[in-house]
Number of protein chains: 2
Amino acid sequence: MANNVKYLPADERRAVIVDTVLALAAEMNPAEITTAAIAGRMGLSQGALFRHFQNKDAIWEAVMARAATVLTERAEAAAQSGASPMESLEALFFSHINFIVEHPGVPGFFFGELQRPGKSPARERAKELMESYGRLVGSILQEGKESGRFFERLDIPSAAGLFVGIIQGLVLQSFLTGERETIAKRAPGVFALFRRGIERGRSE
Amino acid sequence: MANNVKYLPADERRAVIVDTVLALAAEMNPAEITTAAIAGRMGLSQGALFRHFQNKDAIWEAVMARAATVLTERAEAAAQSGASPMESLEALFFSHINFIVEHPGVPGFFFGELQRPGKSPARERAKELMESYGRLVGSILQEGKESGRFFERLDIPSAAGLFVGIIQGLVLQSFLTGERETIAKRAPGVFALFRRGIERGRSE
DNA sequence: CATGAATGTGAGTAATCACTCACTATCTTA
DNA sequence: TAAGATAGTGAGTGATTACTCACATTCATG
């Protein structure tokens with residue numbers, strides 16, 4: 001893990017810094033991550049950080065942007081992978097779960113940033129991510145509704161909110177237990193119930 | 001709002017401090033609430049705080065304990081109010097939503113505390129609350145399942161997790177928009193979908 | 001291989017943090 | 001109304017924070 005290679009090009013160093021913050025976020029409260037902790041983990045001095053980022057907020061924005069990019073890429077791939085809307089939704093759900101299992105620091109980072117009032121750059125990135133994610137889920141739901149395979153009176157915004165909510169609920173439970181496996185273990189059962197909620201009634 | 005009455009008895013002062021923290025948590029990131037901010041809002045000096053609490057962690061624990069007490073009382077009352085398990089579940093759901101609308105600082109406080117690793121007193125309180133809440137939901141679900149009104153193959157832990165998750169999803173959306181009304185407006189539609197997921201199939 | 005540009009150092013800075021304590025103001029009660 | 005108990009003050013403490021800068025080290029290139 002000790003990535004203490006020195007004199008990296010600026011873009012690579014920025015990437016290493018972002019990685020380091022994500023690694024720290026998996027181990028501690030993101031709100032308590034200090035520039036000293038980041039530099040220490042990298043084996044560099046604090047000064048090196050500020051050569052590549054104007055301030056801590058800029059680091060936070062880069063971290064959020066990176067998380068958003070990776071998650072969005074995977075989500076879009078998953079959304080197109082299914083043969084039916086329900087399969088796409090299921091693939092999207094589990095790709096999101098896998099992302100969180102691989103990057104356990106991201107949800108906490110996300111929560112922490114959304115709690116901040118006003119508009120920090122990182123918070124704006126987080127909002128953008130949520131909105132585009134919501135649109136993606138909404139389009140799949142709409143498709144399923146139109147194809148007649150979903151509940152015909154399905155309220156798209158509610159269902160999209162529920163979709164995001166069930167993931168958040170799982171994250172919260174894993175925060176509680178402190179164990180990373182919790183979320184992957186509970187995911188299938190919870191998704192099955194969500195599926196029951198949105199699919200066509202069996203006698204309608 | 002300015003509660004700057006001086007020379008309150010110790011127990012009343014402690015209650016005022018807890019109220020003040022909850023009020024601040026509704027306006028700012030709980031992680032950024034300082035003892036200076038609390039004292040300033042009350043119109044007292046910082047020293048006054050530490051006459052009534054040993055340290056900041058003790059204040060945080062008291063805040064969490066108070067939130068847990070109020071929420072638990074309301075939840076238990078709601079759980080017993082319904083004529084059927086589904087009605088009880090619905091009453092529980094909306095009492096929780098109302099609690100959050102009235103105390104908008106609590107969810108953020110909760111998230112922030114759960115993100116902290118190790119075991120702070122406040123975090124332990126939060127875990128206790130979640131566990132007893134989960135048991136309450138689980139018992140209603142079990143009752144509904146046994147009475148034949150819920151899905152007969154319902155997985156109780158998944159459904160309880162889903163119940164908590166849909167509330168978290170609504171909270172997250174209200175964090176995003178920054179508007180307090182969002183959560184109450186979206187709640188009915190999301191609960192309807194949850195209900196569809198757990199109730200008996202119409203042709204089974 | 002010399003030289004300028006890029007990257008990193010380490011000892012600083014002022015601001016802010018939770019917390020302390022000798023002292024004062026107020027309340028309670030005999 | 002005197003006096004002890006309780007509550008609050010305000011100027012401190014050392015630790016920690018994000019951030020700076022003169023200087024050193026290494027890299028890239030003609």
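No hydrogens, no waters, no symmetry mates; every other heavy atom, side chains included, goes into these values. Quick caveat, the model's predicted, so the values are computed rather than measured.
The minimum heavy-atom distance linking B/F150 with B/I140 is given by the pair CE2-O, 4.2 Å.
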Just by protein heavy atoms under 4.0 Å, how would nucleotides 2-17 of chain C read 5' to 3' in B, S and -?
-> -----BBBB------S
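Distance alone, capped at 3.5 Å, places no donor-acceptor pair between the B/R13 side chain and the B/A48 backbone. The closest donor-acceptor contact from the side chain of B/E87 to the backbone of B/A83 lies under 3.5 Å. Side chain of B/R123 to main chain of B/L114: a donor-acceptor pair is present (N/O by atom type, distance under 3.5 Å, no hydrogens or angles). Proximity of a side-chain donor or acceptor of B/E113 to a complementary backbone N or O of B/F109 within less than 3.5 Å is not detected. Between the side chain of B/S132 and the backbone N or O of B/L129 there is at least one donor-acceptor pair closer than 3.5 Å.
Within the 4.5 Å cutoff, no side-chain heavy atoms of B/F111 are placed close to those of B/P30.
With a cutoff of under 4.0 Å to any heavy atom of chain A, the contacted region of DNA chain D is bounded 5' to 3' by D/dT17 to D/dC27.
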